[in-house]
Chemist: 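Sharing a structure, written as structure tokens. Questions coming.
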Amino acid sequence: MRRYSIRATETEPSSGSNIQMGSLGRSEDHFVLHKTRLDSRLRGNDRKERFANAPFSTAFLLSVFLVIAVAASATAKDITLTEAIARAQSNSQRLRSAEAQLQSANQALSSARAERFPTLSATALASYVSEVPSLQLTLPVGPSISREMGSHETYQTDVRLSVPIFTGGRISSGVSQASAAKDLSSAGLAQVQATVALATRQAVINLYRADMSKHAAQSAHERAQILARDVRSLHDAGAADSVDLLEIQLALTKAALQVDIAETARRSAAIVLGRLIQEEHPESLVIVEQFPTPTSEDSLLVLPPNNKYELLQASASIASAEAQRRFASSDWFPTVALFGGYSYGKPNLDRFNDRWNDYFTTGATLSWSLNLGGKAASQVRRATYARNAYEHAASEMRATLNQEARIAREQVVLAGRKYSASFASFSIASERFRLAKLQFSEGTLSTNRLTDIQESLALADSDKAVALTDYHLALSHYYFVIGSDKLEKGF
């Protein structure tokens, strides 16, 4: 790339520069003609700019910008991290599904516990038969005797109350299975809550990053515009040539493109957050919460993630397998129940007298069903192996989660150090640009060099914003890994 110094009078380029122009396939006369036309267009633009900067035009433009800014601020929707997480969780269909599953598990547990209570049953019967048996007795002397044995009409009502006394562990193991299923659903609900909170937290951080990147790009574009005006003024004074104008115009074009890229990234990040919180106009969302800078490394403790939903699910699976083992072993024992009943009907006790009567019944039942092929023993062994498998998996998962927690902490520490380095780089780049502008105004620094330094400052500004958001993304992942309740709280 050809570089020119800012001089009091424009001189001819060096011979090396002439060779470079020749390599472009342009003659010297054509280059001078092109330069003259370009200078004419730039001076015309300068005249238009001076006309646009007239006092009445400036006042008019300022009034328009104020109206636009007021309208934009009126439609902006401020939101904090805590509000975003609350809205995302209240609008999450996955969370509603997990809550419904937990409610279903609670009802199943209540149903299993109800097996311990007595059972009341009642039956009623009304029937009519056209023929009933009869008894006919023929006597040696006198008329024969004939009597029907039963009644054509039958009315019967029975009420029975039974209560289990001994089930061999069937009821208690059923309650344990239902309780384990409820714990599994509760852990699933916690998993969905943490996942939604993490996704929302990441969306908020990414939107904040997009805002910071957009601000950095706009600042770089404004600096490029100021430099362009300075170079044009120097060109009008004869202290800059057309190459300087082309270089600053190229830098201005690049800066404008970066603004467009940043605005597109901002809209994309707003769409992601808007979907999570069910916002109809996500482009109006504005993060009003300030992101704190990295804290001390000593505050990042690696706590055992014993309350993580993965371990809760593993514990529930172990409890369910143990309950299945106990239920399978209950087949070796009989079932004993007590009952009491009341019967009222016509005919009831007396089948020959067509009248209403009643009676009470009490007793006990014993039932025992034993498979001679060893079915119960096989079921017990199967459940035992399943429980052992879940225990080994839980032990491995606990070790994995502890490892992930340590790695997550290291990533947070590294992200904090990167932010410190990026902040120092930005401070150095800012001071470097300030000195470069002084050298440029004194004519000791080329336009190309100044634009390079300005682009370095823009990159350092963007890197600082990225480093800060990377730190909070790493911190959010750390909270998620250790199962911290800070995941659903603000910064």
Chemist: A quick test of your reading: do over 12 heavy atoms of other residues, nucleotides or ligands sit less than 6.0 Å from CZ of R96?
Modeler: yes
Chemist: Just by distance, with hydrogens left out, do D358 and Y342 show a side-chain donor and acceptor under 3.5 Å apart?
Modeler: yes
Chemist: Any side-chain heavy-atom pair from V175 and L109 closer than 4.5 angstrom?
Modeler: yes
Chemist: Within 45° of the six-membered ring axis of F339 and under 6.0 Å from that ring's centre, is NZ or CZ of R160 located there?
Modeler: yes
Chemist: With a 6.0 Å cut-off on ring centres, are W356 and Y155 close enough?
Modeler: yes
Chemist: Looking at F423, I'd like to know if the NZ or CZ of K418 sits under 6.0 Å from its six-membered ring centre while staying within 45 degrees of the ring's axis.
Modeler: no
Chemist: Report yes or no: do R267 and T264 form a side-chain donor-acceptor pair below 3.5 Å?
Modeler: yes
Chemist: What's the separation between atom CZ in R387 and atom OG in S320, rounded to the nearest 0.5 Å?
Modeler: 12.5 Å
Chemist: How long is the span from the CD1 atom in I271 to the CG atom in L276, to the nearest 0.5 Å?
Modeler: 12.5 Å
Chemist: Using 30° and 60° as the class limits, which term best fits the ring planes of H472 and F291: parallel, tilted or perpendicular?
Modeler: perpendicular
Chemist: Quick one: side-chain contact (heavy atoms from CB on, under 4.5 Å) partners of A319, sequence neighbours excluded?
Modeler: A180
Chemist: Between E283 and R266, does at least one N-O distance fall below 4.0 Å, as a salt bridge requires?
Modeler: no
